[in-house]
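Let me begin by presenting the structure, written as structure tokens, before commenting on it.
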Number of protein chains: 4
Amino acid sequence: MKNVNKTKKLIFDAAIKSFSQKGFHKTTVDEIAESAGVAKGTLYYHFKSKEEIFKFIIDEGTRIIEEEILDRTEHLEDPVEKLRTICYVHIELVTKHVEFFKTILSQMWGNEERQNQLRDVLAGYFKLIEKYLTEAADEKYIKDKNMEIIAFNFFGVMISTIIYSLMHREKNVKDLADTFVDFIMGGIGK
Amino acid sequence: MKNVNKTKKLIFDAAIKSFSQKGFHKTTVDEIAESAGVAKGTLYYHFKSKEEIFKFIIDEGTRIIEEEILDRTEHLEDPVEKLRTICYVHIELVTKHVEFFKTILSQMWGNEERQNQLRDVLAGYFKLIEKYLTEAADEKYIKDKNMEIIAFNFFGVMISTIIYSLMHREKNVKDLADTFVDFIMGGIGK
Amino acid sequence: MKNVNKTKKLIFDAAIKSFSQKGFHKTTVDEIAESAGVAKGTLYYHFKSKEEIFKFIIDEGTRIIEEEILDRTEHLEDPVEKLRTICYVHIELVTKHVEFFKTILSQMWGNEERQNQLRDVLAGYFKLIEKYLTEAADEKYIKDKNMEIIAFNFFGVMISTIIYSLMHREKNVKDLADTFVDFIMGGIGK
Amino acid sequence: MKNVNKTKKLIFDAAIKSFSQKGFHKTTVDEIAESAGVAKGTLYYHFKSKEEIFKFIIDEGTRIIEEEILDRTEHLEDPVEKLRTICYVHIELVTKHVEFFKTILSQMWGNEERQNQLRDVLAGYFKLIEKYLTEAADEKYIKDKNMEIIAFNFFGVMISTIIYSLMHREKNVKDLADTFVDFIMGGIGK
DNA sequence: TATGAATGAGGCTTCATTCAT
DNA sequence: CATGAATGAAGCCTCATTCAT
């Protein structure tokens with residue numbers, strides 16, 4: 001993280017924890033401050049507003065995810081293998097940072113400024129997935145479709161996997177990932 | 001709708017409109033009352049609380065959706081045709097009631113009482129999709145997988161379609177539905 | 001006062017007292033509420049904001065002053081007599097509502113919205129004085145000058161009288177008024 | 001200025017600018033520090049408090065004004081000419097330092113310690129005007145009245161000129177000054 | 001001398017809910 | 001059934017001041 005000293009990190013950690021567990025609106029600034037072990041004023045010294053904290057978290061979060069994906073895929077040659085790896089990485093990340101994803105999912109539907117910004121950030125992330133899909137299609141490994149919407153579908157299946165594990169407290173990453181990949185690659189038809 | 005007189009219906013309509021456009025927390029009781037053209041006290045005469053109104057909407061909404069699905073599929077014989085129709089119906093419904101779905105999507109992730117109840121309602125709805133999937137699998141029309149998780153994936157792809165149309169203001173229901181079905185049935189692999 | 005029920009009047013009275021004694025910024029909403037004997041929420045039920053209360057007071061105050069002036073002058077024929085009476089009325093009012101005038105005087109110099117509005121209200125009041133001055137000039141009772149600026153000077157002399165009585169705790173209205181009138185009418189030159 | 005090194009002067013200049021434009025309460029210490037180009041801590045090294053800065057400005061400001069008046073009048077013999085010059089000097093100063101005067105005018109009405117001190121300073125300034133008036137009266141050049149209150153009226157007319165120029169954005173110093181002198185010397189009566 | 005991160009009291013405002021009519 | 005005035009807890013944010021470096 002850049003431009004982040006110790007105190008700001010404390011606030012960041014406290015905030016992501018609260019936002020994830022209780023959502024944006026239910027999380028109070030007092031709570032974050034107390035949880036971070038700093039005074040409320042300190043929080044406002046480092047962030048302009050509650051919204052600003054949220055945005056900072058989203059930015060950092062997506063950055064971390066994108067980095068992880070790059071790290072894990074750049075040494076791979078086979079496009080399909082890359083996609084498969086992306087699936088695995090996603091399931092891992094989602095399982096590891098469930099609360100972070102829930103925060104995003106609860107905030108991406110409205111029309112408040114914060115929510116529009118969130119969708120902008122996500123758009124960049126979708127573009128990344130789209131890039132990988134296009135590469136695979138270019139080399140004839142997958143169907144040549146409207147890759148933009150396919151990228152969204154990819155995201156959708158991932159979401160559904162979260163919901164499933166949420167509702168069933170399923171923690172077996174390997175199984176989840178395999179089902180994910182199967183579905184993505186082959187659909188349900190015979 | 002049962003046990004719903006004229007005034008209660010007014011409140012219901014106003015509430016769904018507000019929740020859809022602004023989310024649960026950002027919608028105020030004053031707003032609903034004003035939009036419904038009744039006094040705030042009246043609203044509390046018909047509903048115990050703001051949460052109660054929300055729950056009422058969710059219950060009614062899912063009931064309507066389920067009814068629509070049944071109406072449109074019960075005369076069909078071919079299981080795959082049924083699934084295909086469900087896809088179409090969903091895209092239609094989502095496009096028609098996009099605000100209602102956004103409301104659900106923003107509220108299904110947290111751990112507040114209201115949100116847990118919402119997930120319970122959704123569980124019933126997932127079961128319905130699962131039933132159709134199982135029927136199709138039983139008759140060897142589709143792959144025989146863990147139908148529970150497939151039902152969730154089905155939901156996920158639908159969500160992603162909402163996001164896509166949200167971000168691109170795409171309104172062509174036919175195209176969206178076709179992409180949806182293709183993806184569901186065949187995945188992306190060659 | 002119009003559209004003012006009992007509670008709103010209570011708030012009005014409490015607010016004018018506080019604003020006058022402590023100025024706009026030093027007066028807290030809690031204070032007004034407590035002094036009015038109502039809950040803070042009640043205050044916001046009747047007024048949109050602290051600024052709104054202030055504006056309401058200014059509007060009512062100037063209205064009362066203008067009414068008093070009209071009441072006391074409309075039966076008079078002689079223009080100079082009218083002016084003289086206006087002087088008396090002003091000194092009386094200022095003496096009676098010293099705190100109200102101090103509030104105005106402390107708030108009329110800045111560029112905040114509230115302060116611009118205040119000056120707009122005062123402009124109307126200045127116009128009233130100007131009207132009387134012009135009448136007197138038309139009938140050759142006083143010098144024919146730029147009556148607009150003379151109206152302001154009139155106001156200025158009044159202010160200075162407040163300052164004087166403020167600093168010397170002078171309460172003799174009659175004497176103050178006579179000095180006021182003398183100065184206005186004849187200046188200091190021989 | 002005495003005991004004023006470079007840094008303190010920077011703060012002084014920044015503070016007077018801010019106080020003038022936004023008033024005492026609306027001006028923040030951060031703002032002054034930033035505008036002065038120093039850290040907030042530095043500001044507190046040179047001044048004990050925000051109030052202290054304000055007081056320092058008032059003291060310096062009135063000192064400068066008094067000096068200017070003395071400079072411009074001490075070589076004059078004729079008392080009336082002196083008064084006339086004082087009028088001109090005032091209008092010039094007010095026009096030149098309009099923000100400084102607005103600051104004073106907004107702060108001279110309350111009962112906070114700072115405001116009481118301000119009135120004390122002003123009292124000295126009024127005494128100066130009174131001195132000139134008394135001299136002129138002694139030599140039979142102007143009416144022999146209660147010179148104390150006349151000094152205040154003098155101030156009042158000056159204030160009204162500020163208001164006028166504020167409201168009309170009138171910048172013609174010469175005209176304003178002439179009207180000022182005329183009014184002071186001859187009043188409005190015929 | 002100078003800095004700027006940290007503080008926390010205190011301010012304004014919102015809003016779900018109640019209750020007397 | 002319906003009303004709407006009243007409530008007060010709780011939320012977000014500001015800002016003068018302090019203090020360790």
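Note that the structure is a prediction, hence the values are computed from the model and not measured. Within every chain, numbering begins at 1; the chains are lettered A, B, ... in the order of the sequence lines, protein sequences first and strands thereafter.
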Problem set entry | Lys/Arg cation over aromatic A:F19: A:K50, 6.0 Å, 45° cone |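 No, A:K50 and A:F19 do not form such a contact.
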Exercise. Do C:K48 and C:F56 meet the cation-pi criteria used here (NZ or CZ under 6.0 Å from the six-membered ring centre, within 45° of the axis)?
Worked result: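 Ring-cation test returns no.
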Exercise. Looking across every strand, which nucleic acid part, if any, lies under 4.0 Å from B:T28 by heavy atom: base, sugar-phosphate, or nothing?
Worked result: sugar-phosphate
Exercise. Is A:K50 touching bases, backbone alone, or none of the nucleic acid, heavy atoms closer than 4.0 Å?
Worked result: sugar-phosphate
Ignoring the backbone of [X], work out which of [options] is nearest its side chain.
X: C:K40; options: F:dT17, E:dA16, E:dC12; result: E:dC12
X: C:H46; options: E:dG8, F:dA16, F:dA6; result: F:dA6
X: B:A39; options: F:dT3, F:dC12, E:dT14; result: F:dT3

Calculate the interatomic distance between [X] atom [atom1] and [N] atom [atom2]; express it in whole Å.
X: D:E51; N: F:dC15; atom1: CD; atom2: P; value: 16 Å
X: C:D30; N: F:dA10; atom1: CG; atom2: P; value: 15 Å
X: D:K48; N: F:dT18; atom1: NZ; atom2: C1'; value: 15 Å
X: D:L10; N: E:dA2; atom1: CG; atom2: P; value: 10 Å
X: C:K8; N: F:dG4; atom1: NZ; atom2: P; value: 16 Å
X: D:F54; N: F:dA16; atom1: CZ; atom2: C1'; value: 16 Å
X: C:F24; N: E:dG11; atom1: CZ; atom2: C1'; value: 12 Å
X: C:K22; N: E:dG10; atom1: NZ; atom2: C1'; value: 13 Å

Seminar exercise, completed: pair_partner(E:dC12), Watson-Crick or wobble, both distances < 3.5 Å, evaluates to F:dG11
Problem set entry | Any-strand Watson-Crick or G-U partner of F:dA6, both distances under 3.5 Å |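 Base partner found: E:dT17.
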Problem set entry | Heavy-atom check, side chain of A:R63 versus side chain of A:E60, under 4.5 Å | yes
Exercise. So do the side chains of D:F12 and D:I57 get within less than 4.5 Å of each other, counting heavy atoms only?
Worked result: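 They are in contact (side-chain heavy atoms under 4.5 Å apart), so the answer is yes.
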For this session: By nearest nucleotide on DNA chain E, pick out whichever of A:T7 and C:H25 is the more 5' one.
Result: A:T7
For this session: For B:S106 and B:T103, indicate whether the former's side chain and the latter's backbone hold a donor-acceptor pair under 3.5 Å.
Result: yes
Exercise. Of C:L43 and A:K26, whose closest DNA chain F nucleotide lies nearer the 5' terminus?
Worked result: C:L43
For this session: Rounded to whole angstrom, note down the P distance from E:dT1 over to F:dT21.
Result: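 Looking at atom P only, E:dT1 and F:dT21 are 22 Å apart.
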May I ask you to verify if any side-chain N or O of [X] is less than 4.0 angstrom from the OP1 or OP2 atom of [N]?
X: D:Y45; N: E:dT1; answer: no
X: B:T42; N: F:dG4; answer: no
X: C:Y44; N: E:dT13; answer: yes

For this session: Heavy atoms only: give me the nearest D:M108-D:L105 pair and the separation to one decimal.
Result: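 Result for this residue pair: CG-O, 3.8 Å.
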